[in-house]
2 protein chains.
Amino acid sequence: MVKRTSFEGDACPIARSLEALGDWWSLLIIREALFGVRRFGEFQSKLGMAKNILAARLRSLVDHGILETAPASDGSAYQEYLLTPKGRGTFPILVALRQWSEEFDDAPEEIATILVDREKGRPVKKLEMRAEDGRLLSPADTMLKPRPTPLRRSA
Amino acid sequence: MVKRTSFEGDACPIARSLEALGDWWSLLIIREALFGVRRFGEFQSKLGMAKNILAARLRSLVDHGILETAPASDGSAYQEYLLTPKGRGTFPILVALRQWSEEFDDAPEEIATILVDREKGRPVKKLEMRAEDGRLLSPADTMLKPRPTPLRRSA
DNA sequence: TTGTGTGGTTGCATTATAAAACCAATTGCC
DNA sequence: GGCAATTGGTTTTATAATGCAACCACACAA
């Protein structure tokens, strides 16, 4: 390397996601943000991470359009970090990670929390993959197709 | 630091997942494995990564019970790397990452493939979060609850 | 038995990560 | 207004991870 490899130009959408989210801290920062954390110090104390790398990650997430900075919601002169719609769109990823851990973790008794439906207090159902018409799909029921060129400019 | 932080003892299931999957390459290796890639050299050439780090990642994935080694399916004396059920269980995570990219990527025209239902050839439906009774849930409809202690040993 | 391909490991350079110290601006307090 | 503490970082320095290239052992093919 010399440079840590980047997936920026990669054609695989998974690699492209990892370009933005695929490091140790980004998804945890987003997790906190989804819980309402907004301020630098709050992220730092909740995650217990070094401030320099928090600063770097926040900058990267802002650059990727996942967070945005906004002035003070409490009237102070400081700023806060808010999720954009793109940032909130990562929620299914976090749920998938959580459910994978709940299902396969070797020490599930160490998991402190479960995600529940607020209304009933019951666990959220496992994410499932379905076809457009609602049929439940297993990995083997799916395949990759080249993306159709979306009529460049109708000449 | 001195040591790169580990989330091993963390009580958050998301952090625990990231402990196993949260580096640059692991999910891409799993992606290839889901596509049927089994051999060291095949991973290496498809992913274009350095052999030493591929070796390290494969070892880590095996240690985490995501891959397992098996002898030669083609009769040769070499071994191959196969996904365990735990490994195949990451599929929703990959789908979530893919869909996030498809929905929010700044340059979606660079994405080469779409995931389709094999039977109809139509795109897979977006993952959605539902309650046990089937109600569609938004992030705000959910909350975290402490895990109920699963009756340790009935004294 | 002399190659050739497979599946790694080792050594070295570069980068990323982390802890701690430092610092400027903003508050809080009197 | 003046002073200390808090907030939100940056800098410095050390260690770990990453990547490339070279090397190497074993399998296999001729």
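Order of the sequence lines fixes the chain letters, A, B, ..., with proteins taken first and strands second; residue numbering starts at 1 for each chain.
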Is it the case that the side chain of [X] and the backbone of [Y] share a donor-acceptor pair, with hydrogens and angles ignored and the cut-off at 3.5 Å?
X: Ser101(A); Y: Arg98(A); answer: no
X: Gln44(A); Y: Met49(A); answer: yes
X: Thr142(B); Y: Pro139(B); answer: yes
X: Gln99(A); Y: Leu127(A); answer: yes

Exercise. Quick one: is Trp25(A) getting a side-chain N or O under 4.0 Å of the dA18(C) phosphate, OP1 or OP2?
Worked result: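 Yes, within the criterion.
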Problem set entry | Asp117(B) and Arg135(A): CA distance, side-chain angles, deciding distance, salt bridge (Lys or Arg N to Asp or Glu O under 4.0 Å) verdict | CA-CA 9 Å; Asp117(B) 157 24; Arg135(A) 286 174 4 263; 3.0 Å; yes
Distance in angstrom units between [X] [atom1] and [N] [atom2], rounded:
X: Glu80(A); N: dT6(D); atom1: CD; atom2: C1'; result: 17 Å
X: Ile53(A); N: dA16(D); atom1: CD1; atom2: C1'; result: 14 Å
X: Gln44(B); N: dG19(D); atom1: CD; atom2: P; result: 12 Å
X: Leu54(A); N: dA19(C); atom1: CG; atom2: P; result: 12 Å
X: Leu47(A); N: dA18(C); atom1: CG; atom2: P; result: 11 Å
X: Leu28(B); N: dG19(D); atom1: CG; atom2: C1'; result: 16 Å

For this session: Applying salt bridge (Lys or Arg N to Asp or Glu O under 4.0 Å) between Glu132(A) and each of Arg122(B), Lys125(B), Lys126(B), Lys120(B), report the one that passes.
Result: Arg122(B)
For this session: For each nucleotide in nucleotides 5-11 of chain C, reading 5' to 3', give B when a protein heavy atom comes within less than 4.0 Å of its base, S when such contact involves only the sugar-phosphate, and - otherwise.
Result: BSBBBBB
Problem set entry | Of Ser76(A) and Asp23(A), the one whose closest DNA chain C nucleotide lies more 5' |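 Result: Asp23(A).
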